[in-house]
2 protein chains.
Amino acid sequence: MRRKSMTSVELARLAGVSSATVSRAFAAGSSMKPATRARILALADEHGFRPNAMARVLNNSQSRLVALVVNTVANPAEAEGLDQLIMRLQEQERLPLVLRCADHEDRNRLMRIASTYQVDHVVLYSDAVSIDDAIAIFHSAVPIIASSEPLAGRDVSDVRLDARAATVEVVSHLVAQGRRRFVYLCGRASSHVDKQRRGWFSAALEAHGLAFDIVEHGDYSYDSGYKEAALLLRRTRPDAVICANDLMAIGVKDAAAALGFAVPTDLAIVGHDGVALASWDSHAITTIAPRPGVVSAALADIIDEPNDAPPVRRVIECMVRWGRSTGDLPRS
Amino acid sequence: MRRKSMTSVELARLAGVSSATVSRAFAAGSSMKPATRARILALADEHGFRPNAMARVLNNSQSRLVALVVNTVANPAEAEGLDQLIMRLQEQERLPLVLRCADHEDRNRLMRIASTYQVDHVVLYSDAVSIDDAIAIFHSAVPIIASSEPLAGRDVSDVRLDARAATVEVVSHLVAQGRRRFVYLCGRASSHVDKQRRGWFSAALEAHGLAFDIVEHGDYSYDSGYKEAALLLRRTRPDAVICANDLMAIGVKDAAAALGFAVPTDLAIVGHDGVALASWDSHAITTIAPRPGVVSAALADIIDEPNDAPPVRRVIECMVRWGRSTGDLPRS
DNA sequence: CAGCAAAATGTAAGCGTGTACATTCAGCCG
DNA sequence: CGGCTGAATGTACACGCTTACATTTTGCTG
């Protein structure tokens with residue numbers, strides 16, 4: 001087994017042409033007699049010949065590989081977006097190289113290894129690595145598309161979310177229900193996305209002359225939502241919790257149920273990200289998120305742009321997806 | 001931007017050595033003066049030099065790339081295992097190339113593209129593609145590690161599950177509770193994994209002289225579990241449903257709740273795969289699954305074996321993870 | 001049918017490494 | 001100090017493809 005596969009020179013000999021012609025037969029744009037191309041492709045098919053991508057990359061520098069830097073694939077919020085993105089990339093004949101950075105002692109080592117494979121693009125999907133580290137390691141050789149940190153003039157494209165309006169919408173609804181004791185549950189307090197969400201929430205509350213508590217010990221997991229809510233509900237008595245993501249929101253909901261708090265009567269719960277399971281019957285969490293697939297589409301579009309195009313900055317508006325966790329739907 | 005990166009020849013000139021020496025400095029096993037190696041590595045670090053993997057692969061045929069063929073990354077059952085596997089591969093200095101095959105008009109096109117990149121191994125993680133297609137496309141060049149179809153003497157390693165004992169355990173428990181009207185809800189009736197699970201279930205029931213109904217319209221999604229359960233509960237009146245996976249089991253649970261059936265009193269529910277969310281408070285589904293991480297560890301071990309090693313067949317025993325969906329825990 | 005332009009194909013030089021083989025070098029013994 | 005040995009390094013080619021440039025073929029026009 002592991003038999004060496006055929007090379008373009010061998011195929012060329014079989015077809016009675018030169019290896020250059022074989023190469024051209026596989027290059028879409030090059031001009032050649034259709035009959036010759038057809039003959040070569042048929043022969044290639046027959047003998048199972050496929051051009052070696054390594055050799056191709058070696059002299060074009062177009063690997064069609066995209067490094068996707070994520071925290072973990074296990075978290076639905078990342079996984080669902082990633083799934084869409086991978087699908088799009090594959091439609092572009094690109095292949096994703098997944099760098100899973102959570103729990104990884106040295107994320108930079110991982111990026112260094114990946115950079116070795118001449119990836120055309122890097123998508124910093126999670127905020128697990130710093131943009132500056134990424135720039136240093138891929139030494140500006142490949143466009144980096146971030147969706148987290150602020151960019152401050154760095155030569156990098158990005159796609160980010162705007163949930164200002166959606167947050168105002170949710171908060172107004174909750175205030176109209178008479179809720180006054182708000183809490184924000186962080187995922188990772190130092191994360192930029194987290195800070196933004198907190199900021200929008202804070203602004204929306206201030207418009208009503210209200211303040212809020214912050215719980216900083218979350219980690220985006222169901223368990224941390226559950227644990228923090230259990231502590232919180234025994235101590236202060238909030239009547240609305242906004243969570244940095246949906247998983248924690250569900251944890252909060254389960255903790256509330258276990259402690260005998262009624263949702264949404266006693267406690268309203270809001271999540272972020274709009275993962276599929278948030279709208280399952282048993283959860284029905286109100287969540288703030290972009291329309292599904294929009295972020296991945298934007299990322300894929302940017303990637304498909306010519307390499308010398310200037311960096312792109314896209315902002316995507318979030319929506320509210322109402323669930324039962326915030327009580328009756330607003331009029332509208 | 002996109003400045004061309006340094007080559008080993010340029011670095012060699014800077015270090016006053018030949019490119020061969022640079023190459024040796026990066027190869028772990030090769031004998032050379034420690035001082036020279038240190039000097040070269042320091043210089044490489046300083047100038048951001050990293051050997052080009054494409055060029056390396058071109059003459060060793062050791063890409064350290066692994067193609068992971070999956071259905072979708074969005075499904076927690078696949079995603080959680082995948083996450084573990086990717087982590088392991090990264091520890092081995094390997095990089096995963098993810099082929100997402102669901103919804104993809106032509107999965108074989110995708111595999112053909114991937115085969116171009118000289119992947120060292122292929123893991124057929126989902127049963128979305130046929131082993132024979134995979135063998136044909138990667139033309140026996142790379143070991144294929146399947147976890148689905150039966151192999152029938154094909155020259156391929158595999159890891160598969162054995163849930164016979166676990167299924168007997170669950171079924172005995174349910175029968176002891178007096179349940180008699182069993183239903184099995186398929187994910188994809190034609191899938192081998194599905195057939196196996198059905199078979200174990202059938203055998204376990206037969207041991208008690210019982211038979212069961214099959215619902216073949218599931219598709220592994222929450223929604224399909226919900227829909228089929230809604231139909232089922234109105235028609236026949238099962239008192240136990242075994243589902244091909246956990247997501248459908250949760251769908252069944254939610255449908256039962258919506259229709260006023262009490263779980264587990266009126267209806268017991270069992271899932272497969274042991275996804276994390278199955279044991280959340282709001283679900284607490286009893287599920288049949290291997291110990292977390294064992295499958296990925298086995299796959300990673302097989303991949304790390306020398307390439308000329310004979311195919312490996314590993315069978316992994318499943319356990320029951322009890323939840324509230326099957327009533328009181330059995331004695332034990 | 002000569003003559004010429006355009007299309008098709010061939011030639012050969014890389015792309016950046018690894019490695020077999022050749023060479024040099026350092027150290028040791030007689 | 002010559003000669004020998006093993007370690008360290010250099011030389012040069014191969015890996016499989018793309019591509020600029022050279023050459024041949026084709027198709028037309030006068």
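Owing to the predicted nature of the structure, the values given are computational and were not obtained by experimental measurement. Chain letters run A, B, ... following the sequence lines, proteins first and then strands; every chain starts at 1.
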(message) Using only modelled atom types and a 3.5 angstrom limit, is any donor from either the side chain of A:Asn59 or the base of D:dC17 paired with an acceptor on the other?
(response)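 Yes.
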If I take atom [atom1] in residue [X] and atom [atom2] in nucleotide [N], what distance separates them, rounded to the nearest angstrom?
{"X": "A:Leu11", "N": "C:dT9", "atom1": "CG", "atom2": "C1'", "answer": "15 Å"}
{"X": "B:Arg39", "N": "D:dA8", "atom1": "CZ", "atom2": "P", "answer": "14 Å"}
{"X": "B:Leu58", "N": "D:dC17", "atom1": "CG", "atom2": "P", "answer": "9 Å"}
{"X": "A:Arg13", "N": "C:dT11", "atom1": "CZ", "atom2": "P", "answer": "14 Å"}
{"X": "A:Met54", "N": "C:dG14", "atom1": "CE", "atom2": "P", "answer": "24 Å"}
{"X": "A:Phe49", "N": "D:dG16", "atom1": "CZ", "atom2": "P", "answer": "10 Å"}

Below the 4.0 Å mark, does [N] have OP1 or OP2 next to a side-chain nitrogen or oxygen of [X]?
{"X": "A:Ser31", "N": "C:dA8", "value": "yes"}
{"X": "A:Thr21", "N": "C:dG10", "value": "yes"}
{"X": "A:Ser23", "N": "D:dT18", "value": "yes"}
{"X": "A:Ser19", "N": "D:dC17", "value": "no"}
{"X": "A:Thr36", "N": "C:dT9", "value": "yes"}
{"X": "A:Ser18", "N": "C:dG10", "value": "yes"}

Heavy atoms from C-beta onward define the side chain here; which of [options] lies closest to that of [X]?
{"X": "A:Asn52", "options": "C:dT11, C:dT19, D:dC17", "value": "D:dC17"}
{"X": "B:Arg24", "options": "D:dT9, D:dC17, C:dT17", "value": "D:dT9"}
{"X": "B:Asn60", "options": "C:dG18, D:dT9, D:dT18", "value": "C:dG18"}
{"X": "A:Met32", "options": "D:dT19, C:dT9, C:dT17", "value": "C:dT9"}

Could [X] and [Y] be called an ion pair, given the rule that one side-chain N must be under 4.0 Å from one carboxylate O?
{"X": "A:Asp219", "Y": "A:Arg188", "value": "no"}
{"X": "B:Asp304", "Y": "B:Arg88", "value": "no"}
{"X": "A:Arg107", "Y": "A:Asp133", "value": "no"}
{"X": "B:Arg100", "Y": "A:Asp83", "value": "yes"}

(message) Classify B:Phe26 by what it touches in the nucleic acid, base, sugar-phosphate, or nothing, heavy-atom distance under 4.0 Å.
(response)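 No contact.
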(request) Report which part of the nucleic acid B:Val17 touches: base, sugar-phosphate, or nothing (heavy-atom distance under 4.0 Å, all strands). (result)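 Sugar-phosphate, backbone atoms only, no base.
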(message) Hydrogens and angles aside, do B:Tyr220 and B:Asp194 bring a side-chain donor and acceptor to less than 3.5 Å of each other?
(response)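 Judged by distance alone, the side chains do pair up.
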(message) I want to confirm an ordering. Mapping B:Arg37 and B:Ala55 to their closest nucleotides on DNA chain D, which one lands closer to the 5' end?
(response)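 It is B:Arg37, whose closest nucleotide lies nearer the 5' terminus.
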(message) Go nucleotide by nucleotide along DNA chain D from the 5' end; which of A:Ala20 and A:Lys33 gets its closest nucleotide reached first?
(response)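 It is A:Ala20 whose nearest nucleotide is closer to the 5' end.
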(request) Compute the ring centroids of B:Tyr117 and A:Tyr117, then answer whether they are less than 6.0 Å apart. (result)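 No, ring centres 6.0 Å or more apart.
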